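These notes are about the structure you will find just below.
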Amino acid sequence: MSLAKPMMRGLLAKRLRFHLPIAFGLAFVAAVAFKYTVTEPRKRAYADFYKQYDAVKEFNAMREAGVFQSVRPSGE
Amino acid sequence: MAHPSQLGFQDAASPVMEELLHFHDHALMIVFLISTLVLYIIVAMVTTKLTNKFILDSQEIEIIWTLLPAIILILIALPSLRILYLMDEINDPHLTIKAMGHQWYWSYEYTDYEDLGFDSYMVPTQDLTPGQFRLLETDHRMVIPVESPIRVLVSAEDVLHSWAVPSLGVKMDAVPGRLNQTAFITSRPGVFYGQCSEICGANHSFMPIVVEAVPLEHFENWSFIMLQDA
């Protein structure tokens, strides 16, 4: 009784066929995850901040808090 | 200003800094993509029992690992060049201020209309009032009108300095005998801090920059008062 001949060729190619798609897939997932957890929320945060931003109101609030050196609070 | 244990950039207070933030996010996304790929491949390479004693060649993989990096570099270069040219656009400044670096303080000159000039020294730690920031506050701030294009001409009187305000996305070397120009617009009123960014001697860390952006009317009142006090 003889044993089946073991596979002796194409071992690296087989390993690459298995691992490379996973490697590229994971890399792509990492990039997409970063884009949708960091990049897009930051863009939205800046857009939302300035959409409702009232510069005069914010300036007056900062002025009354005494933040500025050139403009004192209105009571002073 | 930065807060303790901060890793990322300060919140942008100018449109250019916002663009720089978004570009950094884009570039970092590509960095994570490449790093994940490389890390996975390294782990796969160290966990195999396969060995190969013969040199291999493969046209296909050579083409892939030439084209892919070239594409990635183009994806980085295009937004980078866009911002580079955006920063250099002629923006018709409403005001020009000269920032001169000295050992170890900055002086500002507003000479568009009258001759206004003053020095800006750091407030020593023992003289801080509650709420002020250590090593960042100055006795006289550079006051500018908000949402107006400002041109800053930067130079130095002695050694190299550098005028930098991170939240405005501005940094310009102060070189003695040379006049460097930079420009910015503040998107919102507020106080923005920076520090000298070129080693200039013993007190290099103790010559900060403070930019105060206020509405035009208040800027005019301030400059009138400063001229009278001068």
Side-chain angles (χ1 to χ4, degrees), chain A residues 6-74 76, chain B residues 8-9 11-12 15 18 21-22 24-26 28-45 47-52 56 61 64 68 129 131 137-144 146-147 186-191 210 212-215 217-219 221-223 225-226:
Chain A
M7 187 177 68
M8 292 191 289
R9 293 175 195 276
L11 297 167
L12 177 62
K14 181 172 169 237
R15 188 176 172 81
L16 288 177
R17 268 195 307 274
F18 177 76
H19 282 289
L20 276 183
I22 297 175
F24 279 95
L26 271 180
F28 182 73
V29 164
V32 168
F34 184 83
K35 184 177 171 76
Y36 288 104
T37 55
V38 175
T39 308
E40 292 304 314
R42 200 196 300 278
K43 281 191 183 144
R44 252 194 326 269
Y46 273 88
D48 292 344
F49 177 81
Y50 283 108
K51 215 178 289 178
Q52 303 294 337
Y53 188 69
D54 183 346
V56 173
K57 177 172 156 237
E58 294 298 328
F59 167 74
N60 287 328
M62 284 190 267
R63 176 188 183 175
E64 297 311 318
V67 163
F68 297 115
Q69 208 183 62
S70 59
V71 186
R72 300 314 303 154
S74 44
E76 291 179 23
Chain B
F9 291 113
D11 287 341
E18 278 184 55
L21 273 180
H22 298 323
H24 179 265
D25 285 340
H26 170 74
L28 192 58
M29 176 186 73
I30 293 173
V31 164
F32 278 132
L33 183 136
I34 296 169
S35 301
T36 310
L37 179 67
V38 170
L39 187 63
Y40 187 98
I41 290 173
I42 287 173
V43 170
M45 281 168 70
T47 56
T48 182
K49 290 191 179 59
L50 296 175
T51 55
N52 189 342
L56 300 172
I61 198 165
I64 291 169
L68 217 51
T129 57
E137 300 286 355
T138 55
D139 54 359
H140 299 112
R141 295 172 173 175
M142 186 180 112
V143 181
I144 57 170
V146 70
E147 290 178 21
T186 47
S187 311
R188 50 190 165 87
V191 181
V210 187
E212 192 170 289
V214 296
E217 165 204 348
H218 298 286
F219 166 76
N221 293 341
W222 167 84
S223 55
I225 293 169
M226 289 293 285

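Every chain is numbered from 1 and lettered A, B, ... according to where its sequence line falls, protein lines coming before strand lines. Remember, predicted model here, so these are calculated numbers, not experimental data.
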Checklist entry - Which of residues 51-60 of chain A get closer than 4.5 angstrom to chain B, counting heavy atoms alone? => result A/Y53, A/A55, A/F59
What part of [X] is in contact with chain A, defined as an atom under 4.5 angstrom from a non-hydrogen atom: side chain, backbone, both or neither?
X	result
B/N221	neither
B/T48	both
B/I61	neither
B/A12	both
B/T129	neither
B/L37	both

Checklist entry - Under 3.5 Å, is there a donor-acceptor pair between the side chain of B/E18 and the main chain of A/Y46? => result no
Checklist entry - Is a side-chain N or O of B/Y40 found less than 3.5 angstrom from the main chain of A/L20, in a donor-acceptor match? => result no
Spatial distance of atom [atom1] ([X]) from atom [atom2] ([Y]) [nearest 0.5 Å]:
X	Y	atom1	atom2	answer
A/K35	B/F32	NZ	CZ	15.0 Å
A/R15	B/L50	CZ	CG	6.0 Å
A/F24	B/T36	CZ	OG1	12.0 Å
B/M29	A/F34	CE	CZ	8.5 Å
B/H24	A/R42	NE2	CZ	8.5 Å

Checklist outcome for this item: Counting heavy-atom pairs under 4.5 Å with chain A, the top scorer among B/I34, B/I225, B/D139, B/V146 is B/D139
Checklist entry - If you look at every heavy atom in A/F68 and B/E212, which pair is closest and at what distance? => result CD2-CG, 3.4 Å
Does [X] reach the side chain of [Y], with side-chain heavy atoms less than 4.5 Å apart?
X	Y	answer
A/M62	B/P189	yes
A/T39	B/H22	no
A/R63	B/H218	yes

Item to check | Neighbour count >12 (heavy atoms, 6.0 Å) for atom CE, B/M45 | outcome: no
Checklist entry - Would B/W222 and A/Q69 count as a side-chain contact (heavy atoms from CB on, under 4.5 Å) if you check the C-alpha gap in whole Å, the side-chain angles of each, and the deciding distance to 0.1 Å? => result CA-CA 9 Å; B/W222 167 84; A/Q69 208 183 62; 5.7 Å; no
Item to check | Stepwise side-chain contact (heavy atoms from CB on, under 4.5 Å) test for A/Y50 and B/S187 | outcome: CA-CA 9 Å; A/Y50 283 108; B/S187 311; 3.3 Å; yes
